[in-house]
Structure formats: structure tokens, C-alpha cells
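Single-structure report; data block below.
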Amino acid sequence: MVNWQVVGIMLEAGAENAAFAPFISKPARRKNRDAKDIGIKINTADFLPAVQTTFRYSGSLTTPPCTEGVNWLVMTTPVELSAAQLNALDALFGDTNRPIQKLNDRSVD
């Protein structure tokens, strides 16, 4: 069983977020996600909200192959991005979710 740690960040419309600007302005090609090829550096800690309280649960990846054994940490405080930034992310990634799965024996801590 794989044991991954994944941090989920909720996004909401609000003020422009400077931390996301480099990521949005020069997106890596989907087939080549190596950041050194696009000439930007991203500090992922800058993407996190100031309040870092999380919900925790065991689950799986949200996209195929939907691998089990993922420990999710979902931030309770959303991060603000401008409407233009949210639209740009939507254009880059589109619909990245999957249908809701049965809870089975998983619990939310």
C-alpha cells in the first residue's frame, strides 16, 4: 500500500494572490511538468493560508489511477485568488475531480 501525504487547499474569489502569479503566468506543459524547463521557482509554502488548521482523513488520489493509501490534510481556511486567477487555473486544469466515492471504513479525524 502506498502511503502518501497530500495537502488540499480550498480556493475562493477575492484579492489577487502574488504567490500564484508565477505559476499561472508560465504554466508547465501538461506533458512536461519539470519547473526548471520553464524558468520559474515556486515556494509551495507561499500557497498555504496563514491559519494552517486541517481536517485529516485517509483516502485516495482524486485523479486516475485513484491510488489508495493517501493521508489527506485539507486546510480549513481557504486561500484567496482573484477571479482572473481562478479562471486561469480552471483553463489550465479544467475538471480534475472524480465522482464521489462511498465512505466505506474511512473516517474524518
Side-chain angles (χ1 to χ4, degrees):
M1 177 182 261
V2 177
N3 190 12
W4 293 21
Q5 304 288 326
V6 176
V7 176
I9 302 169
M10 301 296 141
L11 305 175
E12 69 180 7
E16 184 169 320
N17 189 317
F20 282 78
F23 177 75
I24 293 170
S25 67
K26 280 185 121 177
R29 292 187 181 103
R30 278 183 129 3
K31 292 182 181 177
N32 183 0
R33 297 180 182 199
D34 192 346
K36 67 183 175 188
D37 288 347
I38 59 173
I40 62 171
K41 291 185 180 184
I42 295 173
N43 182 355
T44 54
D46 292 342
F47 290 174
L48 300 175
V51 176
Q52 296 182 1
T53 306
T54 62
F55 290 111
R56 297 177 301 159
Y57 68 95
S58 296
S60 61
L61 295 177
T62 59
T63 56
C66 302
T67 306
E68 293 283 338
V70 175
N71 295 315
W72 278 90
L73 302 167
V74 180
M75 296 288 171
T76 59
T77 303
V79 172
E80 284 189 10
L81 273 72
S82 70
Q85 288 177 308
L86 289 170
N87 289 336
L89 286 175
D90 188 48
L92 285 172
F93 297 106
D95 189 14
T96 61
N97 60 359
R98 68 176 186 188
I100 295 173
Q101 304 294 304
K102 291 182 180 180
L103 185 60
N104 294 324
D105 291 328
R106 296 182 295 259
S107 64
V108 177
D109 295 337

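Basis for what follows: all heavy atoms, side chains included, without hydrogens, waters or symmetry-related copies.
- Rounding to the nearest 0.5 Å gives a distance of 8.5 Å between OG of Ser58 and CG of Asn3.
- Rounded to the nearest 0.5 angstrom, Leu81 CG and Phe20 CZ are separated by 5.0 Å.
- Proximity of a side-chain donor or acceptor of Gln85 to a complementary backbone N or O of Asn17 within less than 3.5 Å is detected.
- Using modelled atom types, no side-chain atom of Thr54 and backbone atom of Val74 make a donor-acceptor pair closer than 3.5 Å.
- Here the CG-CH2 distance, from Asn71 to Trp4, works out to 12.5 Å after rounding to the nearest 0.5 Å.
- Between Leu86 and Leu11, the closest side-chain pair of non-hydrogen atoms falls below 4.5 Å.
- Closest non-hydrogen pair, Pro78 versus Pro49, comes out as O-CB, 4.3 Å.
- At least one side-chain heavy atom of Phe55 sits under 4.5 Å from a side-chain heavy atom of Thr76.
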**Request:** Would you sort out whether Met75 and Met10 count as a side chain to side chain contact (heavy atoms under 4.5 Å, CB included), showing the intermediate values?
**Result:** CA-CA 7 Å; Met75 296 288 171; Met10 301 296 141; over 6 Å; no
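- Side chain of Trp72 to backbone of Ser60: a donor-acceptor contact under 3.5 angstrom is found.
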**Request:** Starting from the C-alpha separation in whole Å, work towards a yes-or-no answer on side chain to side chain contact (heavy atoms under 4.5 Å, CB included) for Leu73 and Tyr57.
**Result:** CA-CA 7 Å; Leu73 302 167; Tyr57 68 95; over 6 Å; no
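- You'll find the side chain of Val7 stays beyond 4.5 Å of the side chain of Phe47, heavy atoms only.
- Between Ile9 and Leu48 the shortest side-chain heavy-atom distance falls below 4.5 Å.
- Although no hydrogens or angles enter the test, the distance criterion places no donor-acceptor pair under 3.5 Å between the side chain of Glu80 and the main chain of Ala13.
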